[in-house]
Amino acid sequence: MQSAAMRWGHLPLAGESGAMTEVAVDADRCTGHGRCYTLAPDVFDADEVGHCVVLVAEVSGDLETQAVTAERNCPEGAISLSR
């Protein structure tokens with residue numbers, strides 16, 4: 001049976017499974033809205049034209065929380081998180 005967090009699309013915290021979450025950005029989909037680096041400044045930054053770049057490719061804890069927030073708020077769906 002899935003946990004309530006998984007049913008609602010929430011990633012479990014890294015400490016729950018001991019795994020790190022990998023962060024990636026699809027550069028072809030990113031159009032530079034800037035929500036990612038505004039909402040998760042410790043995980044993402046902007047390149048010279050305002051497109052997202054990943055600062056930390058593997059996250060857990062507070063950085064994972066920031067990454068999840070950015071993923072959910074990316075209008076282009078350019079951010080992906082995986083375990």
Side-chain angles (χ1 to χ4, degrees):
M1 184 169 163
Q2 285 185 328
S3 70
M6 291 303 291
R7 282 193 308 270
W8 290 101
H10 300 287
L11 291 174
L13 295 177
E16 293 178 30
S17 67
M20 298 287 282
T21 298
E22 293 182 30
V23 180
V25 172
D26 182 339
D28 292 330
R29 294 181 84 174
C30 178
T31 60
H33 287 279
R35 293 180 187 175
C36 52
Y37 45 86
T38 300
L39 295 170
D42 299 323
V43 181
F44 303 101
D45 200 358
D47 67 10
E48 62 279 351
V49 294
H51 292 171
C52 179
V53 292
V54 177
L55 297 175
V56 184
E58 292 186 342
V59 295
S60 65
D62 290 340
L63 293 181
E64 182 179 29
T65 301
Q66 284 187 34
V68 168
T69 300
E71 178 195 35
R72 290 182 181 157
N73 285 278
C74 178
E76 305 303 330
I79 299 169
S80 61
L81 306 177
S82 61
R83 290 236 162 141

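Please read all numbers here as calculations on a predicted model, not as lab measurements.
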Checklist entry - Hey, what do you get for CD (E64) to CD (E22), rounding to the nearest 0.5 Å? => result 12.0 Å
Checklist outcome for this item: Between C30 and V25 the two heavy atoms that sit nearest each other are CB-CG1, 4.4 Å
Next on the checklist: For a quick test of reading the model, state the closest non-hydrogen atom pair linking L63 to D42 and the distance between them.
Outcome noted: CD2-CB, 3.4 Å
Checklist outcome for this item: Rounded to the nearest 0.5 angstrom, the CG-CD distance for L81 and E71 is 4.0 Å
Next on the checklist: Which heavy atom of Y37 sits nearest to which heavy atom of G50, and what is that distance?
Outcome noted: OH-O, 2.9 Å
Checklist entry - What are the two closest non-hydrogen atoms of A70 and C36, and how far apart are they? => result CB-CA, 3.9 Å
Checklist entry - Looking at CZ of R29 and CD1 of I79, how far apart are the two atoms once the value is rounded to the nearest 0.5 Å? => result 11.0 Å
Next on the checklist: With a 4.5 Å cut-off on side-chain heavy atoms, are Q66 and P41 touching?
Outcome noted: yes
Item to check | Nearest heavy-atom neighbours spanning R83 and A19 | outcome: CD-CB, 3.9 Å
Checklist entry - For N73, does the CG atom have more than 12 heavy-atom neighbours from other residues, nucleotides or ligands under 6.0 Å away? => result yes
Checklist entry - In the single-linkage hydrophobic clustering (I, L, V, M, F, W, Y; side-chain heavy atoms under 4.5 Å), do V68 and V56 co-cluster? => result yes
Next on the checklist: Taking the side chain as everything from C-beta on, heavy atoms only, tell me whether L55 gets closer than 4.5 Å to F44.
Outcome noted: no
Checklist outcome for this item: Scanning both residues in full, the closest heavy-atom pair of E58 with M20 reads O-CE, 3.6 Å
